[in-house]
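We count ligands from 1, going down the list as the structure has it; atoms in each ligand are counted the same way. Note that this is a predicted model, so its numbers are computed, not measured.
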Amino acid sequence: MNSDAIEISGNGFRYPAFVGRGLIAKAGEIARNIIDCNRCAIIADQNSARLFGDRVSESFRSKRFSSHLITIPAGEKSKSLTQVEKICDEMIKTGFDRSSFVVGLGGGVIGDLSGFVAAIFQRGIPHIQIPTTLLAMVDSSIGGKTGVNLQAGKNLVGVIHHPALIICDIEALEALPPQEIRQGYAEIIKHAIIRDAEMFHDLSSRQASIHRSGDALIELIRRNIAIKARIVSVDDRETSGERALLNFGHTVGHGIERATAFKIPHGDCVSIGMVAACTISMKRAGLSANERDDVVALLKKFGLPTQLPAEVDREKIIDAIAHDKKFLGGKIRFVVTPRIGEAHVSSDVTMDDIRAAIQDL
Ligand SMILES: NC(=O)c1ccc[n+]([C@@H]2O[C@H](COP(=O)([O-])OP(=O)(O)OC[C@H]3O[C@@H](n4cnc5c(N)ncnc54)[C@H](O)[C@@H]3O)[C@@H](O)[C@H]2O)c1
Ligand SMILES: [Zn+2]
């Protein structure tokens, strides 16, 4: 495997992630070394298709792949079974078969949806992830979780189907609005809190703008892919508890998302949720007040919210959490951090702790 690639491997899977500048134009060349099928369906949303569709198609064509671009509406609504059926129908009509592969070109919505299509089309064909949002590069493209939403809730239908290859081109992020960049930083700061004190201090000590371009950004994305890769390498199916650490800040974050009918973006909810998780960690895991303050300061530095808007109904959040899927046998499994860079799942956290932390926000 190329030395520039980060290897993501575990029980029954092994694939590289490439991070660099200008890689979208080289996607065909990179894929040629990894995939021996010749036909690909490139699935993109209106934005990623408009911005990168031609470049990616051309790159695949230049390496003798025949490609077909399928464009769907942008947004979370597209992560549906209806959309899966439409895409599969179009693939059949276009003549795709078991010797084809799927390329997901876009943010996490496209990554999850195209991965799910790849997992089930003719019982499973290879998937290439070309993430074009920061969140997708550092989080959703890694680890093989694919799926769609139901009316009843998000990500309720899905399957683990690891990609064969991930290609991250930082040039893609130049077109990404600041609000979307921020969503990625929420997960990056989460990774720092649970696994990488050095990255946390690096992000805290340097100007925010330094991390937003060039080699520093490539390095930062690589470092985050490596963190998630290490976690999924030992627990891709969330059985041993390791992958659960990635839920730091998410129990309260998901509660806020649901209580506000998904009007506040996911990363913003997780940011506020991480503040609550730090308050709970002070009580239940010995986190120092100074480190909690450092987390709040870092989130603010990257433009992330650390308090709940006054009008949000706190009780609704608590109700939503009480129905959260992370309760196992009636016990809350809550991710706490005893110090920055470390995290574990605790079953000592009570609903009262959560209530108090939310009322504090
Ligand atoms: N599979 C996983 O492990 C995992 C982990 C985290 C999140 N997710 C999922 O990821 C999804 C969120 O992903 P997201 O935040 O990337 O959202 P998204 O895919 O909706 O992208 C956000 C917006 O940015 C646009 N966009 C994409 N790339 C662009 C670019 N380079 N320039 C300009 N605009 C661009 C998109 O069209 C969209 O409007 C959710 O559905 C979530 O459930 C999955
Ligand atoms: Zn998240």
In this structure, which one of Glu238, Arg195, His191 forms a side chain to side chain contact (heavy atoms under 4.5 Å, CB included) with Ile231?
Arg195

Assert yes or no for the condition that the ring centre distance of His254 to His323 is strictly below 6.0 Å.
no

Thr146 N/O to ligand 1 N/O under 3.5 Å
no

Numbering as shown, the atoms of ligand 1 that approach Ala172 to under 4.0 Å (heavy-atom distance)
30 (C), 31 (N)

Taking Glu58 first and then Arg55, would you say they form a salt bridge - that is, a charged N and a carboxylate O separated by under 4.0 Å?
no

Only one of Val19, Ile188, Asp196 clears side chain to side chain contact (heavy atoms under 4.5 Å, CB included) with Asn224; which?
Ile188

What are the atoms of ligand 1, with element, lying closer than 4.0 Å to any heavy atom of Asn155?
43 (O)

Only heavy atoms of Leu51, strictly under 4.0 Å: list the atoms of ligand 1 that pass.
30 (C), 32 (N), 33 (C)

Do Ser271 and Asp268 have a side chain donor and acceptor closer than 3.5 Å?
no

Closest to atom 8 (N) of ligand 1 among protein heavy atoms sits Ser140 CB, 3.6 Å

Below 4.0 Å, non-hydrogen atoms only: which portion of Lys228 touches ligand 1? Side chain, backbone, both or neither.
side chain

To the nearest 10 degrees, could you say what angle the Zn ion (ligand 2) makes with OE2 of Glu187 and NE2 of His266?
100°

To the nearest 0.1 Å, how far is atom 15 (O) of ligand 1 from its closest protein heavy atom, and which atom is that?
Leu135 CD2, 3.7 Å

Flag the pair Arg32 and Glu29 as a salt bridge only when some basic side-chain nitrogen lies within less than 4.0 angstrom of an acidic carboxylate oxygen.
no

Closest to atom 21 (O) of ligand 1 among protein heavy atoms sits Thr133 CG2, 3.7 Å

List the closest protein heavy-atom neighbour of atom 9 (C) of ligand 1: residue, atom name, distance to the nearest 0.1 Å.
Asp112 OD2, 3.4 Å

So which protein heavy atom does atom 29 (C) of ligand 1 come closest to, and at what separation?
Leu176 CD1, 3.5 Å

Is a donor from one side chain sitting under 3.5 angstrom from an acceptor on the other, for His266 and Gln183?
no

Under 4.0 Å between a Lys/Arg side-chain N and an Asp/Glu carboxylate O for Lys93 and Glu90?
no

Heavy-atom neighbours of Gln151 CD exceed 12 at 6.0 Å:
no

Could you identify the single nearest non-hydrogen protein atom to atom 25 (C) of ligand 1 and state the distance to 0.1 Å?
Asn47 ND2, 3.9 Å

Among Leu246, Thr132, Asp169, Ile110, closest by any non-hydrogen atom to atom 28 (N) of ligand 1:
Thr132

Between Thr350 and Asp353, do the side chains contain an N or O donor and an N or O acceptor separated by less than 3.5 Å?
yes

Among side-chain atoms of Ser288 and Arg339, is any donor-acceptor pair under 3.5 angstrom?
no

Heavy-atom distances under 4.0 Å are what count here, so tell me which part of Gln183 touches ligand 1: side chain, backbone, both or neither.
neither

Only heavy atoms of Glu76, strictly under 4.0 Å: list the atoms of ligand 1 that pass.
40 (C), 41 (O)

What atoms of ligand 1 come within less than 4.0 Å of a heavy atom belonging to Asp45?
36 (C), 37 (O)

Closest non-hydrogen protein atom to atom 14 (P) of ligand 1, residue and atom name please, with distance?
Gly108 N, 3.5 Å

To check your reading of the model: name the closest protein heavy atom to atom 18 (P) of ligand 1, its residue, and the distance in Å.
Val109 CG2, 3.9 Å

